[in-house]
Amino acid sequence: MDSNSAHNPVFLVFPPEINVPDLRSTEFTATAYDTSGPFPKSLATKMKILGAMQILFGVMNFSFGVVFLFTLENPYPRFPFIFVSGYPFWSSVLFINSGAFLVALERKTTKTLVKLSRLMNFLSALGALAGVILITFGLILDQHFFCGYAKTVTHCQAVATLFIGILIMLMAFSIAELFISLSFSVMRRPFYCCDWC
């Protein structure tokens with residue numbers, strides 16, 4: 001290696017001149033696409049939120065049913081009426097399915113999915129109405145359920161308060177579910193934006 005070549009500067013070779021078009025003479029065109037789908041954005045957001053609430057109501061009903069499962073202990077020789085009716089379990093299936101259909105409808109809208117969503121919400125509304133009736137009967141039939149078997153008053157008050165609190169929560173979830181389901185099953189207003197519904 002020659003000592004002169006080691007100290008020579010390196011020259012970069014650039015490609016030949018690049019022609020840049022004049023942007024002032026070019027016309028830009030844009031195509032607008034409607035990405036909102038058949039539902040307005042506000043209705044789609046409401047559908048997603050209300051569907052998530054229905055799923056949450058179903059999970060909470062199931063959880064309260066599991067709590068009632070542990071009431072068959074001494075001194076309580078039978079289950080409460082609401083547990084015997086099975087309402088916490090079959091209502092949770094209805095509520096979760098109707099909420100899942102609403103969320104799916106918000107994501108992909110087809111004629112079949114709209115009909116299935118309306119049907120599931122109608123069944124969920126019937127289930128919630130039946131739940132309100134069953135919980136009312138449960139409050140009447142089981143008003144002395146815990147106090148009739150408990151030996152101490154303090155134990156009776158604590159457990160009765162918990163029992164009545166769970167029934168009131170189930171009633172609140174059922175009433176809320178009834179209104180949500182009715183708004184998407186019986187009333188056609190949310191689906192007026194779809195020509196084919």
Going by heavy atoms in the side chains, are [X] and [Y] under 4.5 Å from each other?
| X | Y | value |
| --- | --- | --- |
| V114 | R118 | yes |
| F184 | F122 | no |
| L167 | F163 | yes |

Please determine whether residues [X] and [Y] belong to a single hydrophobic cluster, defined as Ile, Leu, Val, Met, Phe, Trp and Tyr linked transitively by side-chain heavy-atom distances below 4.5 Å.
| X | Y | answer |
| --- | --- | --- |
| M47 | I49 | yes |
| I55 | L116 | no |
| L139 | V67 | yes |
| F83 | V59 | no |
| F179 | I96 | no |

Least distance between heavy atoms, [X] atom then [Y] atom:
| X | Y | answer |
| --- | --- | --- |
| A125 | L182 | CB-CD2, 4.0 Å |
| L134 | F81 | O-CE2, 3.6 Å |
| M171 | T136 | CE-OG1, 3.5 Å |
| I82 | P88 | O-CD, 3.4 Å |

Main chain of [Y], side chain of [X]: is a donor-acceptor contact present, judged purely on distance under 3.5 Å?
| X | Y | answer |
| --- | --- | --- |
| S183 | I180 | yes |
| W90 | S85 | yes |
| S117 | L113 | no |

Partners passing side-chain hydrogen bond (donor to acceptor under 3.5 Å, both in side chains) against S174 (at least two apart in sequence or in another chain)
Y87
Roughly how far, to the nearest 0.5 Å, is the [atom2] atom of [Y] from the [atom1] atom of [X]?
| X | Y | atom1 | atom2 | answer |
| --- | --- | --- | --- | --- |
| L129 | S181 | CG | OG | 11.0 Å |
| L50 | M53 | CG | CE | 6.0 Å |
| M169 | I135 | CE | CD1 | 11.0 Å |
| L94 | F89 | CG | CZ | 14.0 Å |
| L170 | E177 | CG | CD | 12.5 Å |
| L105 | T112 | CG | OG1 | 11.5 Å |

Between N121 and Q54, does any side-chain donor sit less than 3.5 Å from a side-chain acceptor?
yes
Sorted by first residue and then second, give each side-chain hydrogen bond (donor to acceptor under 3.5 Å, both in side chains) pair with at least one member in residues 56-65; sequence neighbours left out.
N61-S91
Validation row, ring centre F173 to ring centre F95 under 6.0 Å
no
